[in-house]
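Heads up, the thing below is written out as structure tokens.
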2 protein chains.
Amino acid sequence: MPSLTRRQQQILDHIRREQEQAGNAPTLAEIARHFGFRSLNAVSEHLRLIRQKGFLEASTGRARSLRIVSPLQRFRQRVADIPVFGSIPAGLPQERTQEAKGCVSIDIGTLNFKPTPRTFALEVRGDSMVGKHIIEGDLVVLEHGATPKPGDVVAALIDGESTLKTFLTRNGKPYLKAENPNYPDLLPAQELVIQGVLRLVVRRAR
Amino acid sequence: MPSLTRRQQQILDHIRREQEQAGNAPTLAEIARHFGFRSLNAVSEHLRLIRQKGFLEASTGRARSLRIVSPLQRFRQRVADIPVFGSIPAGLPQERTQEAKGCVSIDIGTLNFKPTPRTFALEVRGDSMVGKHIIEGDLVVLEHGATPKPGDVVAALIDGESTLKTFLTRNGKPYLKAENPNYPDLLPAQELVIQGVLRLVVRRAR
DNA sequence: TGGCATACTGAATGCAATTACAGTATTTCA
DNA sequence: TGAAATACTGTAATTGCATTCAGTATGCCA
């Protein structure tokens, strides 16, 4: 891919910024105003060259149709926004997204499943899941309402706190197991509220 | 937040789809055409109500300025696209993004650091890092060119393969340690090419 | 040093798009 | 059951925006 001139790079950067901030691409006139150009043709010409070099796409005659082409673009997938709850209240996480404490945005390709409105995330506290290599501070993405398969990690409501356990069956009966030798828990799953099935773990370096 | 009527929801969904697919929001005429409306005012009126209920924003007189308001929006951050390399060649991962095998998109808030063009991701093979709870199949995000602090996990080039090790210093001398009792490696770091410092781990449920 | 690409000014054309106004069914619900 | 909100048709005015044509100045490089 050929490289851009300084001016062209500036313009491309400006389009990217505007795109991210305003939510839609700027018009030629807006770009011209930003750079102090008194002629639209200045912008028009720059865009033509940037487009020619493959860094930008646009549909002719379409307002605000500038789209930035990144070399990663062909891999790029839809990004899902998943609400992060600090701690889950006794009820279920319904449509109550207003209570979200934050938001994780991840592309659905990495996510490896299609998120629903019942997908949510929690920060892990405690070390009950070290056996499954999930540690304190990890962010876990869970799917509420999914039916767990044996071996899946689930979040269950125990004593008003949501806790991660491994879901297992023995003699056809489901039960939950803590993955830490210090906590040899073994709880009948039927009596518990399973809040979600684990789908993704994210760990930030500290 | 009040709820939308069926029709309003359909229109909002359509705007979202178009937005994601085409890269910019549809015009009133385009929406009308899609739904078979013969009058623009039908769309105009719907948009007015959806906007009034707080699910949509737009600037007056601005073409294609429709923006969807999500309850998660205020948490939403910029999303970074990180190239995923299958395996790193002997050289350094420079600007050679064309060789990327895939792409992970994560918001910079979750990333916890500002990605650079030298940020990249790898899929973990082998079990040399189980001690640090990083297992086979995990996706690790690394920063090339960053200087590791003692205790950081780094990717180093050993025998033409990039391998994860813990970076440590003893008597002022840096060395690398494998976090697996089966591999009691202890290599002098100076002789090795450190390809990146670990910043994030992503594990997909299987 | 002449030619070519870049970096602009200026004006004009015309479709693209939003907005406004005037109505008519249909649904909802107090 | 009757008024208000929803869900449309149709026409027109007006501005938003992209595109095109005709030039000028400047830096680069072979």
Side-chain angles (χ1 to χ4, degrees), chain A residues 1-69 95, chain B residues 1-69 95:
Chain A
M1 212 184 257
S3 64
L4 297 175
T5 68
R6 175 189 303 268
R7 205 44 155 172
Q8 288 164 5
Q9 188 63 55
Q10 285 175 359
I11 291 176
L12 192 62
D13 288 344
H14 176 247
I15 294 172
R16 196 196 318 271
R17 267 197 309 274
E18 281 296 304
Q19 174 78 263
E20 276 164 10
Q21 208 180 14
N24 38 250
T27 65
L28 299 202
E30 284 168 2
I31 297 172
R33 204 178 314 134
H34 178 264
F35 286 96
F37 300 160
R38 314 182 69 181
S39 170
L40 288 186
N41 192 41
V43 183
S44 181
E45 190 65 6
H46 279 130
L47 294 187
R48 193 181 60 79
L49 291 168
I50 300 175
R51 218 156 41 189
Q52 193 176 284
K53 290 180 182 172
F55 291 88
L56 199 64
E57 278 180 6
S59 324
T60 54
R62 222 175 132 122
R64 300 182 184 277
S65 68
L66 266 27
R67 271 164 292 136
I68 288 176
V69 175
E95 318 289 311
Chain B
M1 211 183 259
S3 64
L4 298 175
T5 67
R6 174 189 303 268
R7 206 45 157 171
Q8 288 164 5
Q9 188 62 55
Q10 285 174 358
I11 290 175
L12 191 62
D13 288 345
H14 176 247
I15 294 172
R16 196 196 318 273
R17 267 197 309 275
E18 281 296 304
Q19 174 76 263
E20 276 163 11
Q21 208 179 15
N24 40 253
T27 66
L28 299 202
E30 284 167 0
I31 297 172
R33 204 177 315 136
H34 178 264
F35 286 95
F37 300 161
R38 315 186 67 181
S39 169
L40 287 185
N41 193 41
V43 183
S44 183
E45 189 65 5
H46 280 130
L47 294 186
R48 192 182 61 78
L49 291 168
I50 300 175
R51 219 156 41 189
Q52 194 175 283
K53 291 180 182 172
F55 292 88
L56 199 63
E57 280 180 3
S59 323
T60 55
R62 227 175 124 125
R64 299 183 184 276
S65 67
L66 265 27
R67 272 162 292 135
I68 287 175
V69 177
E95 318 289 313

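Note that the structure is a prediction, hence the values are computed from the model and not measured. The sequence lines fix the lettering, A, B, ..., with proteins before strands; numbering per chain opens at 1.
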Inset, instruction - Quickly work out the B:L4 CG to D:dA7 C1' distance and round it to whole Å. - result: 15 Å
Legend entry - B:H46 side-chain N/O to D:dA7 phosphate OP1/OP2 under 4.0 Å: yes
Inset, instruction - Starting from C1' on C:dA7, measure out to CZ on A:F37 and report it in whole angstrom. - result: 8 Å
Inset, instruction - Just jot down the side-chain contact (heavy atoms from CB on, under 4.5 Å) partners of A:R7, sequence neighbours excluded, or say none. - result: A:T5, A:Q10, A:F35, A:F37, A:H46
Inset, instruction - Check whether any side-chain N or O of B:K53 sits under 3.5 Å from a backbone N or O of B:S3 as a donor-acceptor pair, and report yes or no. - result: yes
Legend entry - B:E20: partners by side chain to side chain donor-acceptor pair (under 3.5 Å), with sequence neighbours left out: A:R78
Inset, instruction - Take atom CZ of B:R6 and atom C1' of D:dA5, then tell me their distance rounded to the nearest Å. - result: 17 Å
Legend entry - Contiguous pairing runs of three or more, Watson-Crick or G-U under 3.5 Å, that involve DNA chain C: C:1-30 with D:1-30
Inset, instruction - Could you tell me which non-hydrogen atom of A:R67 sits nearest to which non-hydrogen atom of A:S59, and how far apart they are? - result: NH2-OG, 3.5 Å
Between protein and nucleotides 26-30 of chain C, what N or O pairs are separated by less than 3.5 Å?
none

Legend entry - Spacing between A:Q8 atom CD and C:dA5 atom P, to the nearest angstrom: 13 Å
Legend entry - Interatomic distance, B:I31 atom CD1 to B:I11 atom CD1 [nearest 0.5 angstrom]: 7.0 Å
Inset, instruction - Name all residues meeting the side-chain contact (heavy atoms from CB on, under 4.5 Å) criterion together with B:L28; count only those two or more places apart in sequence or in a different chain, and write none if there are none. - result: B:L40, B:V43, B:S44, B:L47
Legend entry - Nearest-Å distance for atom pair CZ/P, residues A:R51 and D:dA18: 11 Å
Inset, instruction - Return the nearest nucleotide to the side chain of A:L40; candidates are C:dA17, D:dC17, D:dA18. - result: D:dA18
Legend entry - Those residues that, when tested against A:Q19, pass side chain to side chain donor-acceptor pair (under 3.5 Å) (two or more places apart): none
Inset, instruction - Mind running a 4.0 Å heavy-atom check of residues 9-35 of chain A against DNA chain C and sending the residues that fall below it, in number order? - result: none
Legend entry - Salt bridge present between A:E30 and A:R33 (N-O < 4.0 angstrom): no
Legend entry - Atom pair CG (A:L12) and CZ (A:F55), whose distance is rounded to the nearest 0.5 Å: 7.5 Å
Legend entry - Residues in side-chain contact (heavy atoms from CB on, under 4.5 Å) contact with B:L49, at least two apart in sequence or another chain: B:Q8, B:Q52
Legend entry - Distance below 4.0 Å between A:T5 side-chain N/O and C:dA7 OP1 or OP2: yes
Inset, instruction - Whole angstrom is fine here: how far is it from CZ in B:R38 over to C1' in D:dG10? - result: 10 Å
Inset, instruction - Going 5' to 3' through nucleotides 21-28 of chain D, assign each nucleotide B (protein heavy atom under 4.0 Å from a base atom), S (under 4.0 Å only from sugar-phosphate atoms) or - (no protein heavy atom that close). - result: BB------
Legend entry - Closest non-hydrogen atom pair, B:R64 against B:A25: NH1-O, 3.0 Å
Legend entry - Where B:N24 and A:S65 come nearest, the two heavy atoms and their spacing: OD1-CA, 3.2 Å
Legend entry - Non-hydrogen atoms of B:A63 and A:A63 that approach each other most closely: CB-CB, 3.6 Å
Legend entry - Protein-nucleotide distance (B:E45, atom CD; C:dA20, atom C1'), rounded to Å: 12 Å
Inset, instruction - With DNA chain D as reference, determine whether B:R64 or B:L49 sits nearer its 5' end, using the nearest nucleotide of each. - result: B:L49
Legend entry - Residues which pass side-chain contact (heavy atoms from CB on, under 4.5 Å) with A:E18, listed by chain and number, not counting sequence neighbours: A:H14, A:Q21, A:A22, A:P26
Inset, instruction - Under 4.0 Å between any heavy atoms, over every strand shown, what does B:A63 touch: base, sugar-phosphate, or nothing? Just pick one. - result: sugar-phosphate
Legend entry - Non-hydrogen side-chain atoms of B:E45 and B:R48 separated by less than 4.5 Å: yes
Could I get a table of every N or O pair under 3.5 Å where one atom is in the protein and the other is in nucleotides 13-15 of chain D?
none

Legend entry - Atom pair CD1 (B:I68) and CZ (B:R16), whose distance is rounded to the nearest 0.5 Å: 4.5 Å
Inset, instruction - Quickly work out the B:R62 CZ to C:dT19 P distance and round it to whole Å. - result: 12 Å
Inset, instruction - Could you tell me which residues satisfy side chain to side chain donor-acceptor pair (under 3.5 Å) with B:R62, sequence neighbours excluded, listed by chain and number? - result: none
